[in-house]
Amino acid sequence: MARGKKIYEGKAKVLYEGPEQGTLVQYFKDDATAFNAEKKAVIDGKGVLNNRLSEFFMTGLHNIGIPTHFLKRLNMREQLIRAAEIVPLEVIVRNYAAGSMAKRLGMEEGTQLPRPIIEFSYKDDSLGDPLVPEEYIIAFGWASQQDLDDIVAMALRVNDFLSGVMFGVGIKLIDFKIEFGRVYEGDFQRLILADEISPDSCRLWDIETGEKLDKDVFRRDLGNLTDAYTEVAKRLGVMPSNPSQMPKPTLIN
Ligand code: UDP
């Protein structure tokens with residue numbers, strides 16, 4: 001499909017105009033960044049894996065009734081999505097302490113939390129995406145109270161779904177980040193899940209060994225990031241574990 005004009009380039013993805021009004025093409029790059037882009041690398045194959053994995057999670061979430069921006073995967077690196085006005089919040093759901101929470105509270109990483117905890121960061125790279133209380137969100141009009149209630153309800157459902165899917169393949173979902181967008185349908189607006197869900201935005205630990213299978217492998221120099229993401233994809237059956245299992249090309253006469 002011929003791509004439209006580039007309309008936005010972020011750290012890991014590029015957005016192009018889509019073929020129809022209200023659609024965009026989301027392209028997954030191989031670029032990896034951490035610590036607010038202070039650490040950068042190009043990781044062969046990451047974009048292909050994240051495109052596939054995000055398709056897998058978004059499709060599953062759609063099937064349990066969560067509205068998402070995902071329409072269809074176009075090719076190895078691109079997917080067709082609904083255009084949405086992004087709510088300027090990173091919605092973080094945590095089941096176990098890790099990363100910034102473990103640091104802030106002096107908790108050991110991996111400590112189970114008494115219940116899932118949701119927190120919000122204001123999306124602004126120049127400020128380092130600061131953690132913000134709900135009161136800021138309402139007062140500054142980034143989202144209404146009704147929006148926040150919907151976001152929390154959806155985030156908890158996403159958490160239950162992802163935790164269950166991951167548990168089924170021997171992986172513990174430590175935490176993750178999601179984003180929401182607004183779409184307008186006639187006089188109504190509603191929130192849909194946007195951006196991506198992939199090991200770039202989740203913490204995933206092997207249940208048995210505690211091995212990290214997410215972007216911390218890159219952030220903390222723990223090994224090969226593509227191998228970790230491939231392991232997640234293989235376990236979920238998203239990619240064949242063995243290339244010989246790929247369907248053979250058939251000769252067309
Ligand atoms: N996260 C993300 N993008 C961000 C910040 C965090 O996808 O800009 C994800 C991160 O991968 C982890 C969760 O959100 O799964 C919680 O991250 P945390 O606040 O612990 O931040 P970090 O330690 O990554 O700085």
Side-chain angles (χ1 to χ4, degrees), residues 6-15 24 26-47 49-51 53-54 57 69 77 81 84-110 117-137 139-143 148 151 155 158 162 173-181 193-205 212-226 228-229 232:
K6 187 199 277 194
I7 56 168
Y8 175 79
E9 177 152 7
K11 286 175 282 197
K13 299 185 292 294
V14 189
L15 293 176
L24 297 172
Q26 177 165 257
Y27 175 97
F28 288 76
K29 299 193 279 185
D30 278 342
D31 301 24
T33 61
F35 314 119
N36 207 8
E38 271 170 40
K39 178 170 177 169
K40 285 188 207 166
V42 175
I43 308 219
D44 249 4
K46 180 176 84 84
L49 284 153
N50 282 352
N51 185 24
L53 284 163
S54 203
F57 296 126
H69 75 164
R77 287 186 183 272
I81 58 169
E85 192 182 287
I86 295 293
V87 177
L89 297 173
E90 300 206 328
V91 179
I92 293 168
V93 183
R94 301 179 185 275
N95 298 306
Y96 299 83
S100 66
M101 175 192 233
K103 205 165 160 189
R104 196 177 318 119
L105 301 180
M107 291 171 88
E108 190 181 339
E109 288 208 305
I117 291 179
I118 300 185
E119 63 188 43
F120 304 98
S121 296
Y122 179 55
K123 259 173 78 71
D124 185 326
D125 281 340
S126 66
L127 300 173
D129 300 337
L131 191 65
V132 288
E134 284 197 25
E135 207 168 350
Y136 286 21
I137 299 170
F140 294 122
W142 299 326
L148 272 188
I151 286 173
V158 172
L162 292 181
L173 179 64
I174 302 294
D175 58 27
F176 63 93
K177 185 264 307 183
I178 45 178
E179 296 182 24
F180 290 87
L193 191 61
D195 194 49
E196 70 176 289
I197 300 182
S198 74
D200 265 8
S201 50
C202 300
R203 282 198 171 92
L204 305 169
W205 294 7
K212 293 182 173 44
L213 299 170
D214 56 61
K215 204 162 109 179
D216 276 347
V217 170
F218 168 70
R219 292 190 190 102
R220 305 179 187 187
D221 297 317
L222 300 175
N224 184 306
L225 194 73
T226 314
Y229 289 19
V232 175

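In this text, all values refer to a predicted model and were calculated from it rather than measured experimentally. This chain uses plain numbering: 1 for the first residue, then up along the sequence.
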Side chains of [X] and [Y]: does their closest heavy-atom pair fall under 4.5 Å?
X: Phe57; Y: Ser198; result: no
X: Ile174; Y: Leu204; result: no
X: Leu193; Y: Val158; result: yes
X: Ser121; Y: Val132; result: no
X: Pro199; Y: Leu213; result: no
X: Ile92; Y: Phe120; result: no
X: Glu196; Y: Asn50; result: yes
X: Ile137; Y: Leu148; result: yes

Can you list the residues that meet the side chain to side chain donor-acceptor pair (under 3.5 Å) rule with [X], with sequence neighbours excluded?
X: Lys29; answer: Glu9
X: Asn224; answer: none
X: Gln26; answer: Gln79

*Distance only, no hydrogens: is a donor on one side chain within 3.5 Å (strictly under) of an acceptor on the other, for Arg219 and Thr33?*
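There is no such pair between these side chains.
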Rounded distance (nearest 0.5 Å) linking atom [atom1] of [X] with atom [atom2] of [Y]:
X: Thr226; Y: Ile43; atom1: OG1; atom2: CD1; answer: 6.0 Å
X: Asp214; Y: Ser201; atom1: CG; atom2: OG; answer: 10.0 Å
X: Asp124; Y: Asn36; atom1: CG; atom2: CG; answer: 9.0 Å
X: Leu173; Y: Tyr96; atom1: CG; atom2: OH; answer: 9.0 Å
X: Trp142; Y: Tyr136; atom1: CH2; atom2: OH; answer: 8.5 Å
X: Leu53; Y: Ile197; atom1: CG; atom2: CD1; answer: 11.0 Å

*What do you reckon, is NZ of Lys103 surrounded by more than 12 foreign heavy atoms closer than 6.0 Å?*
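Open: at most 12 neighbouring heavy atoms sit under 6.0 Å from NZ of Lys103.
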Quick check against the 3.5 Å criterion: does [X] have a side-chain atom that pairs as donor or acceptor with the backbone of [Y]?
X: Lys212; Y: Arg203; answer: no
X: Asp31; Y: Val42; answer: no
X: His69; Y: Gly181; answer: no
X: Arg77; Y: Tyr27; answer: no
X: Lys39; Y: Phe218; answer: yes

*Take Ile178 and Asp195, measure what side-chain contact (heavy atoms from CB on, under 4.5 Å) needs, and give me the verdict at the end.*
CA-CA 7 Å; Ile178 45 178; Asp195 194 49; over 6 Å; no
*Can a cation-pi geometry be assigned to Lys46 and Tyr229, taking NZ or CZ under 6.0 Å from the six-membered ring centre and within 45° of the ring axis?*
no
*Indicate yes or no: does Asp200 engage Lys13 in a salt bridge with an N to O separation below 4.0 Å.*
no
*Answer yes or no: is there an ion pair linking Glu109 with Arg220, defined by an N-O contact shorter than 4.0 Å?*
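Salt bridge present between Glu109 and Arg220.
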*Run the side-chain contact (heavy atoms from CB on, under 4.5 Å) check on Leu131 and Arg104 step by step: do they pass?*
CA-CA 11 Å; Leu131 191 65; Arg104 196 177 318 119; 3.6 Å; yes
_Using every non-hydrogen atom in the two residues, find where Val87 and Lys123 come nearest and quote the distance to one decimal._
O-CD, 4.2 Å
*asked:* Tell me the closest heavy-atom pair linking Ala102 and Ala97, and the distance in Å.
replied: CB-C, 4.3 Å
*Could you walk me through whether Glu179 and Leu89 pass side-chain contact (heavy atoms from CB on, under 4.5 Å), step by step?*
CA-CA 7 Å; Glu179 296 182 24; Leu89 297 173; over 6 Å; no
